[in-house]
Protein chains: 4
Amino acid sequence: MARPDTVTRILDTAEVLFAEKGFAETSLRNITTRAKVNLAAVNYHFGSKKALIQAVFARYLDPFSERLNLALDGLEARYRNGGVPLEVLLEQLATSVLEVPAERNSLKVFMKLLGLAYTQAQGHLRRYIQEHYGETFHRFVRCLRLATPDLPDAERFWRLHFMLGTVIFTLSGLDALRDIADSEYQEHMSVRELIRHLRPVVVAGMQAPLPASLEKVGSAVE
Amino acid sequence: MARPDTVTRILDTAEVLFAEKGFAETSLRNITTRAKVNLAAVNYHFGSKKALIQAVFARYLDPFSERLNLALDGLEARYRNGGVPLEVLLEQLATSVLEVPAERNSLKVFMKLLGLAYTQAQGHLRRYIQEHYGETFHRFVRCLRLATPDLPDAERFWRLHFMLGTVIFTLSGLDALRDIADSEYQEHMSVRELIRHLRPVVVAGMQAPLPASLEKVGSAVE
Amino acid sequence: MARPDTVTRILDTAEVLFAEKGFAETSLRNITTRAKVNLAAVNYHFGSKKALIQAVFARYLDPFSERLNLALDGLEARYRNGGVPLEVLLEQLATSVLEVPAERNSLKVFMKLLGLAYTQAQGHLRRYIQEHYGETFHRFVRCLRLATPDLPDAERFWRLHFMLGTVIFTLSGLDALRDIADSEYQEHMSVRELIRHLRPVVVAGMQAPLPASLEKVGSAVE
Amino acid sequence: MARPDTVTRILDTAEVLFAEKGFAETSLRNITTRAKVNLAAVNYHFGSKKALIQAVFARYLDPFSERLNLALDGLEARYRNGGVPLEVLLEQLATSVLEVPAERNSLKVFMKLLGLAYTQAQGHLRRYIQEHYGETFHRFVRCLRLATPDLPDAERFWRLHFMLGTVIFTLSGLDALRDIADSEYQEHMSVRELIRHLRPVVVAGMQAPLPASLEKVGSAVE
DNA sequence: GATGAATGAGTGTTCATTCAT
DNA sequence: GATGAATGAACACTCATTCAT
């Protein structure tokens with residue numbers, strides 16, 4: 001069948017437009033027009049715009065979390081005594097991230113979507129992601145804990161999000177940055193390469209010394 | 001005058017709403033209703049919603065870039081021969097960021113706005129920021145270059161954005177993260193404190209070893 | 001067969017929803033979803049929503065008009081010379097009304113539907129009812145004429161509709177009224193009881209003195 | 001100014017269409033198109049369709065309840081000791097009803113609206129009417145109580161609604177009934193005349209004997 | 001200098017109906 | 001005999017913007 005079915009066409013179009021313009025700026029008419037599909041088809045197949053957004057995420061996050069879980073199974077088996085080393089853990093995370101879009105659409109879209117999930121999640125999406133993928137995330141956090149036993153829990157929490165910020169922020173805004181880099185430094189950076197460059201930075205960040213103990217700061221800002 | 005004038009009231013309200021909900025999700029009605037101002041006042045005083053958005057940014061970025069320029073003047077004078085050390089440079093950046101909201105509204109809003117500028121900038125805003133603050137940004141980049149002479153230019157470019165990702169991403173999503181952290185680790189993190197924790201991570205990231213030389217990667221993803 | 005067939009399930013569900021919310025506010029999706037039946041089934045089995053509405057009425061009015069006809073046969077045979085007395089006639093009408101729902105669903109639904117027929121009938125329903133049950137109605141009117149020989153024809157016409165108004169209006173809005181009555185007067189009124197209370201009022205209305213002859217009224221309103 | 005303002009035009013058009021077709025069957029497009037007004041004007045001036053419906057009712061019920069209150073003031077002053085006689089009370093009610101449309105649009109519309117309020121009120125309208133006119137209604141009920149001291153409270157409650165059914169039902173469906181009556185009895189009935197005919201029926205209904213005491217009825221229907 | 005009124009374009013959603021299978 | 005998919009039309013409502021005053 002040459003022409004993919006309506007549901008797929010809607011999802012394919014929606015994820016691209018969401019990635020390009022965000023949720024609010026992408027109207028259902030945008031999507032259905034470009035997908036050459038009837039306007040009512042979205043509500044027929046998904047029920048609402050919110051449900052469509054969730055479906056778009058599910059198509060990436062379902063295989064991703066499944067793969068990551070399998071990979072963690074393997075790593076935990078291999079490093080039965082003592083935790084998985086930090087580098088290996090992060091390497092595996094990167095690998096899992098890279099694998100998903102290979103069979104789906106594009107890594108860039110995936111990263112943009114992750115960025116949106118953080119910055120535009122209007123509640124319903126945050127809830128959806130937590131409900132469906134929270135367990136996998138917590139499993140990863142537990143592994144990370146074993147890999148960084150010297151880090152206080154709270155510190156690890158923040159550093160994990162520092163790291164997520166680095167990665168998601170960079171990869172989700174990749175196009176704009178690459179345009180600048182291309183013109184200024186004459187070397188085109190592929191996503192794979194960018195990840196190679198991210199790795200030492202992330203590792204160094206996770207292993208950075210703890211901040212100097214708090215001498216009283218003048219006045220709290222808020 | 002007890003009641004601030006219309007323009008100020010609009011700006012004060014708009015920045016809060018933009019920070020909370022983004023640009024598209026914040027309607028002029030939202031703003032004018034909450035500001036207790038006539039609906040047409042925005043278009044009257046600013047011309048358009050886009051111009052209002054720019055005005056909101058200008059109110060933060062104008063004093064910020066001015067302060068940063070002054071500070072760099074001082075640092076360059078002090079470290080006349082040889083560049084400003086990396087830690088000092090970053091420290092100054094943090095200080096300048098922290099100073100602005102002290103006289104304006106709130107650091108949280110400032111950070112949220114910076115996050116929006118990256119993730120929701122619809123072209124007009126990106127252009128506006130580049131035009132008005134590009135020069136200051138480049139000056140900072142030049143200082144950074146002197147501070148990290150061993151880093152290849154392209155590598156520095158990317159690491160700078162890694163760092164920006166870390167900071168902006170974390171600070172702009174601070175509320176949600178702090179909620180989680182509060183409940184799980186019983187210690188409330190102020191913005192000042194968070195910046196104290198960010199510093200070693202950012203420094204370590206900038207000084208991380210270069211990635212291992214590129215052995216041929218299987219297949220480029222895109 | 002434990003599970004009634006599709007047609008019946010649709011009718012059973014539709015009559016309840018129509019009675020609760022009216023025709024326009026009840027969508028075919030409402031009906032088919034609640035009846036656990038395919039959305040297209042209504043159009044398949046009935047042809048259109050209008051035809052479904054008519055079918056719902058027919059399921060009540062067919063047995064009703066048949067019973068009333070039979071009852072009138074009996075009464076006319078008994079009171080061969082001279083008409084059927086008014087009280088007997090009205091009593092028979094009430095009896096016939098009460099019998100139908102006994103074998104169908106509920107009197108409340110029947111009454112609500114009659115109310116809808118008057119207040120929401122969009123033409124097609126009015127026509128349908130006139131065509132199918134007009135003859136029986138006229139037969140009843142003829143009997144009523146014999147029972148109230150002193151009433152001018154036009155007066156009888158209007159009083160009949162006054163009476164219908166009283167009955168249908170009260171019974172079709174019964175739930176709301178009963179709620180109020182329950183809370184204010186601590187006595188719950190069953191439909192049967194309500195009909196007992198209606199009877200003397202209806203009889204008195206039909207037998208009320210004629211209005212005083214028309215002395216010229218100031219100005220006609222329309 | 002020959003052309004009435006937008007708000008009035010909307011209300012004038014809406015009340016006619018609501019009266020003709022009901023609330024659900026009347027779309028805002030219907031209204032705005034016929035009123036030659038922009039579609040968004042309804043939401044601009046009234047906020048929502050529900051609010052428009054309420055405004056339509058208020059334009060009739062506000063002057064009506066005000067007039068009725070004044071009239072009851074007068075009657076209570078005149079019949080200081082002992083209540084207002086039933087005939088006088090009902091006469092006054094009829095007079096008040098007739099007065100309102102004289103200065104507004106049409107009695108027919110008023111009656112249709114009252115019918116809709118009973119049969120299509122979707123909650124918000126019922127609540128609105130109760131809130132705004134409940135007190136006046138209760139005052140009238142108190143007067144009615146003095147006028148019919150021999151009637152048990154519950155019985156009076158039901159008879160009041162029997163009477164309301166008679167009146168509203170007849171007047172709100174007047175057009176259809178009048179068409180039939182015209183063709184069959186060659187005498188056209190004006191609203192004023194109809195009310196003259198209603199009076200003895202209503203009075204007789206209110207004064208009808210109480211129902212025979214309840215001999216056990218076979219089986220309760222529901 | 002400022003605003004109430006108005007507007008055309010657009011939003012997500014729901015509708016009864018159709019049709020290929 | 002029955003249904004999942006699809007559709008065109010319509011829905012109430014919101015939007016940023018304009019304009020006469």
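Chain letters run A, B, ... following the sequence lines, proteins first, then strands; residues in each count from 1.
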Test side-chain hydrogen bond (donor to acceptor under 3.5 Å, both in side chains) applied to [X] - qualifying residues, sequence neighbours left out:
X: Lys21(B); answer: Asn30(B)
X: Tyr128(B); answer: none
X: Glu25(D); answer: none
X: Asp62(D); answer: Tyr133(D)

Completion exercise
Paired with Glu15(C), the salt bridge (Lys or Arg N to Asp or Glu O under 4.0 Å) test is passed by just one of Lys112(C), Arg59(C), Lys108(C), namely Arg59(C)
Exercise for the section: Name the closest nucleotide to the Leu39(B) side chain, picking from dT17(F), dC15(E), dT7(E). Expected result: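 So the nucleotide nearest the side chain must be dT17(F).
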For atom [atom1] of [X] and atom [atom2] of [N], their distance in whole Å:
X: Asn38(A); N: dT17(E); atom1: CG; atom2: P; value: 17 Å
X: Lys36(B); N: dG4(E); atom1: NZ; atom2: P; value: 14 Å
X: Asp5(D); N: dA5(E); atom1: CG; atom2: P; value: 9 Å

Handout entry: ring pair (Phe, Tyr, Trp, His ring centres under 6.0 Å) involving Phe18(B) - partner list, sequence neighbours excluded
Key =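 Expected list: Phe23(B).
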Handout entry: Asn43(B) side chain near dA16(F) phosphate (N/O to OP1/OP2, under 4.0 Å)
Key = no
Handout entry: Thr6(A) vs dA6(F): side-chain N/O to OP1/OP2 distance below 4.0 Å
Key = yes
For [X], give me all partners under side chain to side chain contact (heavy atoms under 4.5 Å, CB included), at least two apart in sequence or on another chain.
X: Arg34(B); result: Thr13(B), Val16(B), Leu17(B), Glu20(B)
X: Leu39(D); result: Leu28(D), Arg29(D), Thr32(D)
X: Ala55(D); result: Leu11(D), Phe46(D)
X: Thr33(B); result: none

Exercise for the section: Please list, by residue number, the residues of residues 24-31 of chain D whose heavy atoms come closer than 4.0 Å to an atom of DNA chain F; answer none if no residue qualifies. Expected result: Thr26(D), Ser27(D), Leu28(D), Arg29(D)
Exercise for the section: Could you identify which residues of residues 44-53 of chain A place a heavy atom less than 4.0 Å from some atom of DNA chain F, listed by residue number, or say none? Expected result: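 Of all residues in residues 44-53 of chain A, the ones placing a heavy atom under 4.0 Å from DNA chain F are Tyr44(A), His45(A).
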Handout entry: Per-nucleotide pairing state of DNA chain F [Watson-Crick or G-U, under 3.5 Å; [ ] pseudoknot-crossing; | other strand]
Key = .||||||||||||||||||||
Exercise for the section: Run the numbers on Thr6(C) and Tyr44(C) for side chain to side chain contact (heavy atoms under 4.5 Å, CB included), then give the verdict. Expected result: CA-CA 11 Å; Thr6(C) 302; Tyr44(C) 177 71; over 6 Å; no
